[in-house]
2 protein chains.
Amino acid sequence: MFDNLVRHIQKFVALNAEEQIILKSYVKIESVKKKQFLLEEGQVCHANWFIVKGCLRSYTLKENGNKQMVQFAIENWWLTDYFSFENKKPSQLFIQTVEDCELISIDDRTAEELFVRLPQLERYFRLILQKSFAASLMRLQYMFNLSPEERFHHFNDNFPAFIQRVPQYMLASYLGFTPEFLSKIRAKIADS
Amino acid sequence: MFDNLVRHIQKFVALNAEEQIILKSYVKIESVKKKQFLLEEGQVCHANWFIVKGCLRSYTLKENGNKQMVQFAIENWWLTDYFSFENKKPSQLFIQTVEDCELISIDDRTAEELFVRLPQLERYFRLILQKSFAASLMRLQYMFNLSPEERFHHFNDNFPAFIQRVPQYMLASYLGFTPEFLSKIRAKIADS
DNA sequence: TAAAAAACTTAATCACGGTTAAGAAAATCA
DNA sequence: TGATTTTCTTAACCGTGATTAAGTTTTTTA
C-alpha cells in the first residue's frame, strides 16, 4: 500500500530506501468505508490525503441545502482543503469517501518537519500543485467557454472512467448543472 | 526593482546576499508598455513573470471571437501558463500587459539549474502555487454558488482596487458574464 | 484639438437551463 | 426476498442573462 505512494513520488523525485522509511514514519495509512467523512464543514483541515484505492469527493453546502461538488479524486491523487490547511481556518468543505478507500495521509502539524528531513518533497508537491492549479484553471475555462451540454460531452469523452464510478447527480453538480438537465441530455443521446 | 522580488521571496523563505546575486543572474528584468503581448496563442510559454509594477491579464479566444479572461495579475503576483510551461506545448492563452509594467521573469530552460542552486525556491513556489490553487478553487466556487450579479458585488466588495484598474468589459468576462449585463447591474445600483 | 478608437449604455427579444413535482428504476439493507 | 433508501427520469412552466443593434461617452492618438 505504502509502495503506491513511493512509486508516485518517484515519478517526480528520487527517494531511496532510507528516505522511504523516514517518510513512512510521518504518514498514516488507513482504510475507510464508503460514505464516511474525512472532514466536515467547520473543522480545521489538518490532513492531506493520498488515494491508494478508491474515490473521494469534496463539496460545499449551498444556501438552498444542495451539495456543490468541488473536487473528485481517485487513485494517485491528493485531496485536501489547502485553504483551511494553510490558514488553520475552519473549512467550508466536506470531504467524503465515494467508495471504500485505502488512504495515506500527512498531517500538517508534522509536515514541516518532514519537509526539512526530505526536502525533495518540497519539489514533489510543487510539481503536484502546478498540475493541480493548471487543471483547475482548465476547468474554469470549460465553465466559461462551454455550454453545460458541451461540458458533459467533453467530460464523457475525456474521463470515461469517472462516468462509471460516480453517481450522475454528483457529476452534474461537478459540471455545474442539475441532475434533471443531465437526464435531458441523456434522453437526447438515446434518441439519436 | 529586483528588491521587490527579493522581499516577496523573503516573506516565505530565507535568501541571503550571496543567494540574491545568484538569483539575479537567472532572471530577466524588463519594462513593457501597455497592451504589449508577452505570449500569444500557439507559442510555447517559456517564462514565468513576476509583476513589480503594473497589471497583466491572460485570456483565450472563444469560438465567436470574444476574449475570455482567464487571470488578472498585479504587483507581487506571478503569471504564466503553467500548462504550456510544464508540457512545452503551444499555449491556448494570450498574456498581455493591461498597464505599463515592470516585470521580472524566469525562463523555464534555466529554471531547473536555478532550483538546484537555490533549493529554497522549490519551497517558495510550492507555497505560491498552494495559494494560487486555493484561489482558483475558490473562484470556481463563486462561479457555481453565486449568480452573476452576486459575483459582481462580491468582487466589488473584496477587490475594490481592481475595479479602478481594469476596464469593465474585462471584469465582466473575468466574472463570467457580458459587458451589457454589467451595465444593467450598474444602472440598478445607480437607481437605488 | 480634432479624429479615431476604445469603452460603456440602453432596450427589445428570446433561448437555455433552473425549478418544481411526481413517479420509476436501481441499489442497499434487514 | 421484501422493504427502504438512493438515484434517475419526465414534463410543464418560468426567469435570468445572452444576443443584437444602435447610440453615447471616454480615452487615445495624430
Side-chain angles (χ1 to χ4, degrees), chain A residues 33-37 55 57 59 62-69 72 94 96-100 142-156 162-192, chain B residues 32-37 54-55 57 59 62-69 72 94 96-100 142-156 162-192:
Chain A
K33 288 264 168 234
K34 188 173 175 173
K35 295 207 177 176
Q36 298 301 301
F37 287 97
C55 180
R57 65 160 173 165
Y59 67 86
K62 298 212 262 189
E63 285 183 7
N64 61 13
N66 287 350
K67 291 164 181 153
Q68 174 57 53
M69 293 292 318
F72 285 114
F94 294 82
Q96 189 188 27
T97 52
V98 175
E99 307 171 350
D100 293 353
Y142 295 138
M143 285 300 295
F144 286 129
N145 295 332
L146 303 181
S147 70
E149 183 162 359
E150 288 170 328
R151 288 203 293 279
F152 172 74
H153 289 304
H154 182 271
F155 194 89
N156 224 353
F162 265 99
I163 307 284
Q164 263 65 31
R165 288 176 77 167
V166 305
Q168 301 290 321
Y169 72 93
M170 286 190 196
L171 183 64
S173 169
Y174 181 81
L175 294 175
F177 48 79
T178 60
E180 291 83 356
F181 183 66
L182 182 47
S183 275
K184 224 185 251 180
I185 297 173
R186 293 162 68 80
K188 201 191 284 184
I189 295 170
D191 261 16
S192 58
Chain B
V32 184
K33 288 269 169 226
K34 188 174 173 171
K35 296 206 177 177
Q36 299 301 302
F37 288 96
C55 181
R57 65 161 172 162
Y59 67 86
K62 298 211 262 189
E63 284 184 7
N64 61 14
N66 288 349
K67 291 163 180 152
Q68 174 57 54
M69 293 291 319
F72 286 114
F94 294 82
Q96 188 189 27
T97 52
V98 176
E99 307 171 349
D100 292 354
Y142 295 138
M143 285 300 295
F144 286 129
N145 296 332
L146 303 181
S147 71
E149 184 161 359
E150 288 170 327
R151 289 203 293 278
F152 172 74
H153 289 303
H154 181 271
F155 195 89
N156 225 354
F162 265 100
I163 308 284
Q164 263 65 30
R165 289 176 76 167
V166 306
Q168 300 291 319
Y169 73 91
M170 285 189 196
L171 183 64
S173 168
Y174 181 80
L175 293 174
F177 48 80
T178 60
E180 290 84 356
F181 184 66
L182 182 47
S183 275
K184 223 187 250 182
I185 298 174
R186 293 162 69 80
K188 203 192 282 185
I189 295 170
D191 261 15
S192 59

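The figures here come from the full heavy-atom set of this structure, side chains too, leaving out hydrogens, waters and symmetry mates. Everything quoted here is computed from the prediction, not taken from an experiment. Below, chain A is the first sequence line, B the second, and so on; all start at residue 1.
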Using whole Å, what does the distance between atom [atom2] of nucleotide [N] and atom [atom1] of [X] come to?
X        : N      : atom1 : atom2 : value
A:Ile185 : D:dC8  : CD1   : C1'   : 14 Å
A:Gln168 : C:dA27 : CD    : P     : 12 Å
B:Phe177 : C:dC8  : CZ    : P     : 12 Å
B:Met143 : D:dG17 : CE    : C1'   : 12 Å
B:Leu182 : D:dG17 : CG    : P     : 13 Å
A:Arg151 : C:dC16 : CZ    : C1'   : 12 Å
B:Leu171 : C:dA7  : CG    : P     : 14 Å
B:Gln68  : D:dA18 : CD    : C1'   : 14 Å

Does [X] make a side-chain N or O approach to OP1 or OP2 of [N] shorter than 4.0 Å?
X        : N      : answer
B:Tyr169 : C:dA7  : yes
A:Thr178 : C:dG18 : yes
B:Lys184 : D:dA18 : no
B:Arg186 : C:dC8  : no

I'd like to know if the side chain of B:Arg165 and the backbone of B:Gly54 have a donor-acceptor N/O pair within less than 3.5 Å.
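Side chain of B:Arg165 to backbone of B:Gly54, a donor-acceptor pair under 3.5 Å: yes, one is there.
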
Any donor-acceptor pair under 3.5 Å from A:Asp100 side chain to A:Lys34 backbone
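Yes: the side chain of A:Asp100 pairs with the backbone of A:Lys34.
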
Relative to the 5' end of DNA chain D, which residue comes earlier, B:Gly176 or B:Lys34, by the nucleotide with the nearest heavy atom?
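Final value for this comparison: B:Gly176.
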
What nucleotide, of D:dC8, C:dG17, D:dG17, holds the atom closest to the side chain of B:Phe181?
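Among D:dC8, C:dG17, D:dG17, the one nearest the side chain of B:Phe181 is D:dG17.
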
Residue A:Lys35, side-chain atoms from C-beta onward, closest of D:dT6, C:dG17, C:dC8:
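The listed nucleotide nearest to A:Lys35's side chain is D:dT6.
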
Report which part of the nucleic acid A:Glu180 touches: base, sugar-phosphate, or nothing (heavy-atom distance under 4.0 Å, all strands).
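Here A:Glu180 touches the bases of the nucleic acid.
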
What distance separates B:Leu182 CG from B:Tyr169 OH, expressed to the nearest 0.5 Å?
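The CG atom of B:Leu182 sits 13.0 Å away from the OH atom of B:Tyr169.
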
Where A:Cys55 and A:Val166 come nearest, the two heavy atoms and their spacing
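Nearest heavy atoms, A:Cys55 then A:Val166: SG-CG1, 4.2 Å.
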
Would A:Phe155 and A:Tyr174 satisfy side-chain contact (heavy atoms from CB on, under 4.5 Å), going step by step from the backbone distance to the final call?
CA-CA 10 Å; A:Phe155 194 89; A:Tyr174 181 81; 3.7 Å; yes

